[in-house]
Amino acid sequence: MAAELEYESVLCVKPDVSVYRIPPRASNRGYRASDWKLDQPDWTGRLRITSKGKIAYIKLEDKVSGELFAQAPVEQYPGIAVETVTDSSRYFVIRIQDGTGRSAFIGIGFTDRGDAFDFNVSLQDHFKWVKQETEISKESQEMDNRPKLDLGFKEGQTIKLSIGNITAKKGGASKPRASGTGGLSLLPPPPGGKVTIPPPSSSVAISNHVTPPPIPKSNHGGNDSDILLDLDSPAPVSTSAPAPVSTSNDLWGDFSTASSSVPNQAPQPSNWVQF
Amino acid sequence: PPALDIFGDLFESTPE
């Protein structure tokens, strides 16, 4: 966002601040408030800290009219624009600007130590936020500079998907179920049960709807597609039921025997033998 | 700004 479009927010307001002319700083040490005429401030007024974008402004204003007396733009803290004195926590040196590229160092002081603390923390918080913003924008810029992975299709590019024999089942969902199978048709066949090849008449009946599932060769030959196909395979009510599965050596023979005793589930055994 | 009335003699060109 362009700087001139950014909002100015107020970080801190202190209604009572003293301003001092200060002697030039000795080059080998920091400022000392004890060198100032602390009991004779050169100006008193209100202090506000505002921020616009990343820059903070310390504004000295008339207590009554609010007219701007002087302001100090601060681009970093701690930095040259705001310095603490070496001998007190209540006094600071700020660099005010006249707007034409000239600046002057003046001393400011708070009678209340808490006000000085607030002043300090307001600036610290603002520049902590600036640091985070800078890091975030740097990271997002690095992300933008990485080559992008383009997984889109090129102009006119096509791909061909081959998904088993799913096309054979198209339209099968709306096919009415044979009555009498009830909820039992949702159950998958027991794994590795004895397999009987369906008689020709049965496979003719279902060839209009689905391709007959592959016959497992062994106990490990079954797969998930067999189970799924069970959902739509019709119970061959209209066809002649195949011979019942031999129960002499079939682990699951009891099921066909038991279900055949229930009248309306008579076609059920023929449903199992397809697998 | 009014600060110049009081502190005008303190202002110097801001070093870059």
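Residue numbering restarts at 1 for every chain, and letters A, B, ... go by the order of the sequence lines.
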inquiry  = Taking CD in B/E12 as the centre, count heavy atoms belonging to other residues, nucleotides or ligands within less than 6.0 Å. Is the count above 12?
reply    = no
inquiry  = Report which part of A/E67 has an atom under 4.5 Å of a heavy atom belonging to chain B: side chain, backbone, both, or neither.
reply    = side chain
ask   = Should the heavy atoms of other residues, nucleotides or ligands under 6.0 Å from NZ of A/K37 be counted, would the total exceed 12?
value = no
key: A/F69 CZ to B/L4 CG distance, which is reported to the nearest 0.5 Å   = 9.0 Å
inquiry  = Donor-acceptor check, side chain of B/T14 to backbone of A/G101, threshold 3.5 angstrom: yes or no?
reply    = yes
note = Note: A/F105 and B/L10 closest approach over all heavy atoms is O-CD1, 4.1 Å
inquiry  = Taking atom NZ as the centre, does A/K154 end up with more than 12 heavy-atom neighbours from other residues, nucleotides or ligands that are less than 6.0 angstrom away?
reply    = yes
request  = Could you tell me whether the side chain of B/F7 reaches within less than 4.5 Å of the side chain of A/D42, counting heavy atoms only?
outcome  = yes
inquiry  = For the backbone of B/I6 and the side chain of A/R21, can you confirm whether one donor and one acceptor N or O come within less than 3.5 Å of each other?
reply    = yes
ask   = What do you reckon, is CD of A/E75 surrounded by more than 12 foreign heavy atoms closer than 6.0 Å?
value = no
Region of A/L60 that comes under 4.5 Å of a non-hydrogen atom in chain B = neither
